[in-house]
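Throughout, a chain's letter reflects where its sequence line sits, starting with A, and its residues are numbered from 1.
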There are 2 protein chains.
Amino acid sequence: MPQAIPVSLASIKVACSQCSLRELCLSEGLSNEDLQKLDELVGARRKVRRGQNLYRVGDNFEAIYAVRTGFFKTDVIMEDGREQVTGFQMTGEILGMDGIGTEIHNCNAVALEDSEVCIIPFAQLETLSREITTLQHNFHKVMSREIVRDHGLMMLLGTMRAEERLAAFLLNLSQRFTARGYSPAEFHLRMTREEIGSYLGLKLETVSRAFSRFQEEGLIGVQQKHIRILDIPGLKKILSHQQS
Amino acid sequence: MPQAIPVSLASIKVACSQCSLRELCLSEGLSNEDLQKLDELVGARRKVRRGQNLYRVGDNFEAIYAVRTGFFKTDVIMEDGREQVTGFQMTGEILGMDGIGTEIHNCNAVALEDSEVCIIPFAQLETLSREITTLQHNFHKVMSREIVRDHGLMMLLGTMRAEERLAAFLLNLSQRFTARGYSPAEFHLRMTREEIGSYLGLKLETVSRAFSRFQEEGLIGVQQKHIRILDIPGLKKILSHQQS
DNA sequence: GGGGTCGTTTGATCCATGTCAACGCCGCTG
DNA sequence: CAGCGGCGTTGACATGGATCAAACGACCCC
């Protein structure tokens, strides 16, 4: 491993060009030269403590954010207080694209653990992506994937039964942790049962019962927020409705 | 009504610059010069007959489409056959953005009546939007609005009761028809009860019963697919959970 | 170490929506 | 005009998940 040059260490830490999340983020496939331009754009970072909002409904939209470390949820809230969690974002994922259309954020983003994001000023991103074709295309892909992800969640909310929803949720988390180099079989949930329930369109009691059932059936081990997945094929079978 | 100039009539019909949907589509706010460039890009149109697919899951992604006339649904289908309708698209709305991320379409688009779309080759759209800032921004807005729309649907699917869902659906249709210069109070549904149900995460019988209930309560008039909205505030009240 | 709080688990019961079934309406076709 | 098929409506009943309630466990602060 090459030696760090002391004087530039701070800037290295910030740079996209040095970021371990490159292949997950906007910088995939960029030349070194273009990476450097992106580095300039993504200068600032921001720490968000557990429980704090990165942004709220109604905030002016100025930037999108890449999760550098930590874990977020996004949600929308109805006048009568009902909450729908629309997503959980982990390292390397992009937040804030909801604000582009109206110039105002349309959902809330809350850190579920102490986190840090890269701030990507949106006007400048548009400018730079007029210059760098690959960056432009990467950004379009990120938005498109968000749409496809949302369609998957609609399928889940519209047609799946409680245990199918939870199985899909666990398999999705497992796969995303794997993609980040963590264990596919063992992880800590950063969110409460209630937040999982809101995301899946279920009440927290139903989520809890489904966890217990999966544990009884030997599919997973549960201890509070610590999850151990014991039988991935078994979970997949539940999803494909082979059960019963 | 001005007389048409025979020789150029066909080309006039095709052009974005002459299109009555400008303010709904990608061309909003473009200069005449830029509109002309967009016209060149959007040369081809395509007719899709009722029941036919505009594209299917797995088709190569090459273009997005603007609905010129007609009415579409998009859906995703699970291996076991369960269908989730992810949206209904009417005049001026954009279809196909699900394909950008993977270069392959991730949902099906089906015409619910004889329809016509403008074909917007995506690679060329990216090229042109590097040149025309406003076009670039319009496209980003369209994608962002799609994401926000999806979040609204998640809220509906995750937290609302059957009658709330149907009220939201009717109000949304009414508003979109209004924006297109049609009556806000009277319209024909192009989709079956089953398709409405799939979209709203309900069974067709539940949709039918909710329609009947609304009719009994004097909120709407229903005759098959013909809907007359009689009490918009009443429907809004159901949405805001004032009922019971 | 004790007490409080928050999150979770589990049980008992209820209810909204799903399921199953019959029938009716409408438009199409022969 | 008759018959047929697709779609919609309505009723009776079943059930998955919600609701209400109690107790437990982990963690934090004093």
Side-chain angles (χ1 to χ4, degrees), chain A residues 50-51 73 80-85 110 112-113 156-170 188-217 220-228 238 241 243-244, chain B residues 50-51 73 80-85 110 112-113 156-170 188-217 220-228 238 241 243-244:
Chain A
R50 178 166 195 263
K73 72 167 177 183
D80 62 14
R82 281 180 282 182
E83 176 195 32
Q84 176 68 33
V85 172
V110 183
L112 298 183
E113 60 182 39
L156 180 148
L157 290 167
T159 75
M160 291 189 192
R161 301 160 70 281
E163 295 192 0
E164 295 177 307
R165 297 184 195 195
L166 192 64
F169 174 69
L170 291 172
H188 270 277
L189 300 173
R190 324 291 156 121
M191 68 296 275
T192 67
R193 298 289 187 265
E194 187 168 20
E195 286 163 334
I196 297 172
S198 170
Y199 182 62
L200 300 178
L202 302 168
K203 293 293 164 182
L204 70 302
E205 294 96 328
T206 306
V207 173
S208 179
R209 276 186 248 271
F211 270 128
S212 300
R213 180 87 77 94
F214 283 177
Q215 178 150 247
E216 280 165 31
E217 290 169 355
I220 62 173
V222 190
Q223 265 181 334
Q224 300 286 116
K225 292 193 152 69
H226 186 83
I227 301 288
R228 184 187 298 234
I238 286 178
H241 210 229
Q243 39 113 228
S244 93
Chain B
R50 179 166 194 263
K73 74 167 177 182
D80 61 13
R82 280 180 283 182
E83 176 195 32
Q84 175 69 33
V85 171
V110 182
L112 298 183
E113 61 182 39
L156 180 147
L157 291 166
T159 75
M160 292 190 191
R161 304 172 49 302
E163 295 192 358
E164 295 176 308
R165 296 184 195 196
L166 192 64
F169 174 69
L170 291 172
H188 270 277
L189 300 174
R190 324 291 156 122
M191 68 296 277
T192 66
R193 299 289 188 266
E194 188 169 18
E195 286 163 334
I196 297 172
S198 170
Y199 181 63
L200 300 178
L202 302 168
K203 292 295 163 182
L204 68 300
E205 293 96 328
T206 307
V207 173
S208 180
R209 276 185 247 269
F211 270 127
S212 300
R213 180 87 76 94
F214 284 177
Q215 178 150 249
E216 281 165 30
E217 291 169 355
I220 62 174
V222 191
Q223 265 179 334
Q224 301 285 116
K225 292 191 150 71
H226 186 85
I227 301 288
R228 184 187 299 234
I238 285 178
H241 210 230
Q243 38 112 228
S244 91

**OP:** Would you indicate which nucleotide in D:dG17, C:dT8, C:dA12 comes nearest to any side-chain atom of A:S208?
**Re:** C:dT8
Original post:
Has A:R193 got a side-chain N or O lying under 4.0 Å from the OP1 or OP2 atom of C:dT9?
Top reply: yes
Original post:
Rounded to the nearest Å, what distance is computed from the CG atom of residue B:L156 to the P atom of nucleotide C:dT17?
Top reply: 12 Å
Original post:
So does B:T192 get a side-chain nitrogen or oxygen closer than 4.0 Å to the phosphate oxygens (OP1/OP2) of D:dG6?
Top reply: no
Original post:
If you look at every strand shown and take non-hydrogen atoms under 4.0 Å, does B:G197 touch a base, only sugar-phosphate, or nothing?
Top reply: nothing
**OP:** Answer yes or no: is there a side-chain heavy-atom contact under 4.5 Å between B:L166 and B:I238?
**Re:** no
Original post:
Looking at D:dT19, D:dG17, D:dG11, which one has an atom nearest to any side-chain atom of A:K203?
Top reply: D:dT19
**OP:** Quick one: pull up CG in B:D80 and CD in A:E164 and give me the separation to the nearest 0.5 Å.
**Re:** 7.5 Å
Original post:
Rounded to the Å, how far apart are A:E164 CD and D:dG17 C1'?
Top reply: 14 Å
Original post:
Roughly how far, to the nearest 0.5 Å, is CD1 of A:I220 from CD1 of A:I227?
Top reply: 5.0 Å
**OP:** Look at the side chain of A:R209 and the base of D:dG16, then say whether one donor and one acceptor between them are separated by less than 3.5 Å.
**Re:** no
Original post:
B:F211 CZ to D:dT10 P: how many Å, rounded?
Top reply: 13 Å
Subject >> Separation of C:dT9 C1' from A:Q223 CD (nearest whole Å) >> reply: 14 Å
Original post:
At how many degrees, to 10°, do the end axes of the helix from C:dG1-D:dC30 to C:dG30-D:dC1 meet when each uses five pairs?
Top reply: 30°
Subject >> Option passing salt bridge (Lys or Arg N to Asp or Glu O under 4.0 Å) with B:E113 (candidates B:R190, B:R50, B:K73) >> reply: B:R190
Subject >> Distance in angstrom units between A:L189 CG and C:dG7 C1', rounded >> reply: 13 Å
Original post:
Nearest of C:dT17, D:dG17, C:dT8 to any side-chain atom of B:R161?
Top reply: C:dT17
**OP:** Find out whether B:L170 and B:F211 are in side-chain contact, i.e. whether some heavy atom of one side chain is under 4.5 Å from a heavy atom of the other.
**Re:** yes
**OP:** Classify every nucleotide of nucleotides 21-28 of chain D by which part a protein heavy atom approaches to under 4.0 Å, writing B for the base, S for the sugar-phosphate alone and - for neither, in 5'-to-3' order.
**Re:** --------
**OP:** Among A:H226, A:K225, A:Q224, find the one that has a side-chain hydrogen bond (donor to acceptor under 3.5 Å, both in side chains) with A:H188.
**Re:** A:H226
Original post:
What integer distance in Å separates B:L166:CG from D:dG8:P?
Top reply: 13 Å
Subject >> Distance in angstrom units between A:R213 CZ and C:dT10 P, rounded >> reply: 12 Å
Original post:
Whole Å only: how far is the CZ atom of A:R82 from the C1' atom of D:dA18?
Top reply: 14 Å
Subject >> Given D:dG17, C:dG18, D:dG8, the nucleotide with the shortest approach to the side chain of B:K225 >> reply: D:dG8
Original post:
Which nucleotide in the set D:dG8, C:dT8, C:dT17 lies at the smallest distance from any side-chain heavy atom of A:L204?
Top reply: C:dT8
